[in-house]
**Q** 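Mind having a look at this structure? Questions to follow.
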Amino acid sequence: MNESTAAPVMNFASLGLAAEVLAGIRDAGFTQCTPIQSRTLPIALTGADVAGQAQTGTGKTAAFLVALYQTLLTRAPLPGHASTSIRALIVAPTRELAVQIHHDAETLGRHTGLRHAVVYGGIDYDKQRRTLEAGIDVLIGTPGRLIDYYKQHVFDLKHTQTLVLDEADRMFDLGFIADIRYLLRRLPPPQRRQSMLFSATLSYRVLELAYEHMNNPELVRIEPDKKTVAGVRQIMYYPAMEEKIPLLIGLLRQNEARRTMIFVNTKRMAERLEATLRANDFHAQALSGDVPQAKRLRFLRDFHNGDLAVLIATDVASRGLHIPEVSHVFNFDLPQDAADYVHRIGRTARAGAQGDAISFACEEYAVGLPDIEQYIGHKIPSAPITPDMLATGLTAAQPGPERRRPPRRGQTHSAQRSGAARPPSRRAGGKPRRSR
DNA sequence: AAAAAAC
């Protein structure tokens with residue numbers, strides 16, 4: 001893999017782009033390229049493969065979208081192109097990110113005459129299908145729903161000219177890799193298409209995995225030793241378990257933060273924290289994979305519009321989402337994965353803005369802290385917790401109706417496979433057990 | 001280790 005080192009600062013007008021693409025760039029309000037755009041566009045516009053790493057909020061999405069539109073406008077569809085053929089495929093790891101990319105694509109591609117669609121699970125099955133059946137050039141989606149429609153021959157990938165994997169390192173994670181390989185195997189071979197990979201955290205391990213699906217890609221890394229942006233003020237507290245909630249609420253009250261994201265490590269914790277914050281008069285909603293899709297989209301839209309002050313989230317919201325004016329990001333639970341720390345705090349201080357990232361390291365997850373600090377290349381400054389910071393007189397969350405949870409997948413499978421002892425329907429005695 | 005991702 002070649003690694004690009006030149007660092008010219010480009011202007012969009014100097015890239016020789018088609019008028020239709022420039023018009024979209026103008027609509028989006030862009031004139032000067034960001035570093036990642038300056039370095040990847042000259043490569044990508046030749047049709048070459050590129051893997052791009054740059055800090056959160058520095059314009060990676062526009063980099064691949066501009067390249068993609070220019071390619072589609074200036075290169076003819078591949079021979080045999082049919083009405084069901086997709087010319088460009090963009091895959092993202094979460095539904096909300098797919099929606100956001102689609103939104104950006106509609107702006108940047110508005111004048112190209114190309115047809116866009118986004119497909120993702122949990123909503124609008126027949127509607128999305130009908131959109132695809134009408135004929136689409138640029139298809140954005142999450143793996144599951146894409147494969148679902150693909151298997152039903154709603155579209156084909158035989159003539160796809162451009163592939164983009166956004167948050168590429170995530171897409172090569174264990175949970176996604178099988179689906180990604182499924183899609184990649186159905187595209188033209190690497191030599192006959194353009195492949196682009198982007199993320200703020202591209203490890204060489206991931207690049208190695210990706211390499212077999214790419215054609216002599218150029219690697220572009222912007223300040224690879226500086227994983228986090230300068231505009232984020234990072235701070236670490238070391239609360240005891242029972243201090244976490246009083247500390248969080250104390251800080252929320254004193255911050256008068258208008259737009260705050262609070263990350264937790266589990267769906268259950270998202271739910272519990274939502275109940276606790278609401279019981280204490282915060283306008284908060286929890287976003288996780290357990291939340292119905294329509295609500296997920298509504299919470300995010302409300303948060304975006306400023307109608308929701310506090311968004312509690314699992315890592316479903318840690319990557320790619322661009323919400324202007326997020327003032328504070330809390331890691332109520334320290335993430336287990338160092339890259340996730342970078343992505344989470346990257347929800348604030350985007351596009352040159354400032355923001356605060358406040359993390360709690362307590363016994364449960366503090367073991368991951370050395371990894372995180374090594375990964376970002378510096379210690380995270382810590383501050384002592386003084387009694388006045390802890391909120392008092394808090395209301396306990398209403399327990400509410402016991403919510404029925406589907407059994408965890410792993411347990412189900414192993415139970416089935418081993419023909420396990422537990423009777424299928426009713427547990428032997430007593431009330432339903434709530435784990436932990 | 002959890003989370004995400006199809007019906």
Side-chain angles (χ1 to χ4, degrees), chain A residues 89-101 118-129 132 139-155 165-184 199 201 206 261-273 286-297 300 311-321 331-344 347 362-369 371-372 405-414 435-436:
Chain A
L89 177 68
I90 304 172
V91 191
T94 67
R95 299 164 179 178
E96 288 74 16
L97 182 55
V99 169
Q100 178 182 293
I101 295 167
V118 59
V119 302
Y120 54 93
I123 207 164
D124 287 343
Y125 190 86
D126 291 319
K127 193 175 159 194
Q128 292 177 19
R129 185 193 174 105
L132 284 187
L139 179 57
I140 301 144
T142 47
R145 186 64 70 93
L146 280 170
I147 291 171
D148 187 331
Y149 288 138
Y150 179 87
K151 284 182 173 170
Q152 298 182 49
H153 311 287
V154 179
F155 66 89
L165 297 183
D166 198 13
E167 306 296 343
D169 54 325
R170 176 67 99 214
M171 305 315 281
F172 282 96
D173 260 5
L174 216 53
F176 277 115
I177 183 68
D179 285 348
I180 293 306
R181 287 220 167 100
Y182 179 96
L183 291 167
L184 289 169
S199 179
T201 52
V206 163
M261 291 183 85
I262 303 171
F263 284 100
V264 295
N265 285 359
T266 64
K267 294 185 272 197
R268 173 157 305 183
M269 183 57 81
E271 222 171 86
R272 285 173 51 193
L273 196 52
L287 185 68
S288 81
D290 269 1
V291 177
Q293 188 56 32
K295 278 192 171 184
R296 282 169 59 166
L297 291 168
L300 201 58
L311 187 67
I312 302 154
T314 61
D315 281 310
V316 70
S318 65
R319 285 175 174 257
L321 299 183
N331 284 307
F332 184 80
D333 296 326
L334 203 64
Q336 314 257 72
D337 183 304
D340 288 341
Y341 176 83
V342 169
H343 289 278
R344 286 180 180 187
R347 294 320 93 207
C362 77
E363 21 184 320
E364 208 178 355
Y365 299 110
V367 285
L369 184 53
D371 259 10
I372 292 172
R405 285 185 164 276
R408 293 172 61 183
R409 229 182 292 165
Q411 291 173 353
T412 309
H413 289 325
S414 62
S435 66
R436 217 154 311 173

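Proteins come first, then strands; the chains are lettered A, B, ... in the order of their sequence lines, and each starts at number 1.
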**Q** Taking only Lys NZ, Arg NE, NH1 and NH2, and the carboxylate oxygens of Asp or Glu, determine whether Arg170(A) and Asp173(A) approach each other closer than 4.0 Å.
**A**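 Salt bridge present between Arg170(A) and Asp173(A).
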
**Q** Measure from CD1 on Ile147(A) to C1' on dA4(B) and round the result to the nearest Å.
**A**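 Distance check: Ile147(A) CD1 to dA4(B) C1' gives 13 Å.
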
**Q** Using the ring centroid of each side chain, check whether Phe176(A) and Tyr182(A) are separated by less than 6.0 Å.
**A**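 So the answer is no for these two rings.
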
**Q** So, is Arg95(A) close to the dA6(B) phosphate, meaning a side-chain N or O under 4.0 Å from OP1 or OP2?
**A**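 Yes.
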
**Q** May I ask you to say what Arg296(A) touches in the nucleic acid, namely base, sugar-phosphate or nothing, with a heavy-atom cut-off under 4.0 Å?
**A**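 Here Arg296(A) touches the backbone only, sparing every base.
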
**Q** Can you measure Tyr365(A) atom OH to dA1(B) atom C1' for me and round it to whole angstrom units?
**A**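 Distance check: Tyr365(A) OH to dA1(B) C1' gives 8 Å.
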
**Q** Asp371(A) CG to dA2(B) P: how many Å, rounded?
**A**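 Rounded to the whole Å, the gap is 17 Å.
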
**Q** Between dA4(B) and Thr314(A), is there an OP1 or OP2 to side-chain N/O distance shorter than 4.0 Å?
**A**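 The answer is yes; a side-chain N or O of Thr314(A) sits under 4.0 Å from OP1 or OP2.
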
**Q** Determine: side-chain N/O of Thr142(A) to OP1/OP2 of dA6(B), distance under 4.0 Å, yes or no.
**A**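 Answer is yes, contact under 4.0 Å.
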
**Q** Could you tell me the separation between the CG atom of Leu300(A) and the P atom of dA4(B), rounded to a whole number of Å?
**A**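 After rounding, the reported distance stands at 14 Å.
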
**Q** Determine: side-chain N/O of Arg344(A) to OP1/OP2 of dA2(B), distance under 4.0 Å, yes or no.
**A**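 So the side chain of Arg344(A) is outside the cut-off, no N or O lying under 4.0 Å from OP1 or OP2 of dA2(B).
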
**Q** Once you apply a heavy-atom cut-off of 4.0 Å, does Asp315(A) come out as touching a base, just sugar-phosphate, or nothing?
**A**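 Result for Asp315(A) = nothing.
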
**Q** Counting any heavy atom closer than 4.0 Å, what does Gly175(A) reach on the DNA or RNA strands: base, sugar-phosphate only, or nothing?
**A**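 Base, at least one base heavy atom under 4.0 Å.
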
**Q** Categorize Ser318(A) for me: base, sugar-phosphate, or nothing, with a 4.0 angstrom heavy-atom threshold over every strand shown.
**A**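 No contact.
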
**Q** Check the distance between dA5(B)'s C1' and Ile177(A)'s CD1 and give it to me in whole angstrom.
**A**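 From Ile177(A) CD1 to dA5(B) C1': 14 Å.
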
**Q** Between dA4(B), dA6(B), dA2(B), spot the one nearest the side chain of Asp340(A), thanks.
**A**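 From the listed options, dA2(B) comes nearest.
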
**Q** OP1, OP2 of dA4(B) versus side-chain N and O of Lys267(A): anything below 4.0 Å?
**A**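 The answer is yes; a side-chain N or O of Lys267(A) sits under 4.0 Å from OP1 or OP2.
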
**Q** Using 30° and 60° as the class boundaries, would you call the ring planes of Phe155(A) and Tyr150(A) parallel, tilted or perpendicular?
**A**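 Perpendicular.
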
**Q** Would you indicate which nucleotide in dA4(B), dA2(B), dA6(B) comes nearest to any side-chain atom of Tyr120(A)?
**A**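 So the side chain of Tyr120(A) is nearest to dA6(B).
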
**Q** Can you measure Leu287(A) atom CG to dA4(B) atom P for me and round it to whole angstrom units?
**A**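 For the pair Leu287(A) CG and dA4(B) P, the rounded distance is 9 Å.
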
**Q** Rounded to the nearest Å, what distance is computed from the CZ atom of residue Arg272(A) to the P atom of nucleotide dA2(B)?
**A**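 Rounded to the whole Å, the gap is 15 Å.
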
**Q** Looking for any heavy atom pair under 4.0 Å, which part of the strands does Tyr149(A) touch: base, sugar-phosphate only, or nothing?
**A**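 Since no nucleic acid heavy atom lies under 4.0 Å of Tyr149(A), the category is nothing.
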
**Q** With a 4.5 Å limit on heavy-atom distance, are the side chains of Gln128(A) and Tyr120(A) in contact?
**A**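 The answer is yes, as the side chains (C-beta and beyond) meet within the 4.5 Å cut-off.
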
**Q** Would you mind checking if Arg129(A) and Asp148(A) are paired as a salt bridge, meaning a charged N to carboxylate O distance below 4.0 Å?
**A**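 Salt bridge between Asp148(A) and Arg129(A), a charged N being under 4.0 Å from a carboxylate O: no.
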
**Q** Would you mind reading off the distance between Gln336(A) atom CD and dA3(B) atom P, rounded to a whole angstrom?
**A**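 So the CD-P distance, Gln336(A) to dA3(B), works out to 10 Å.
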
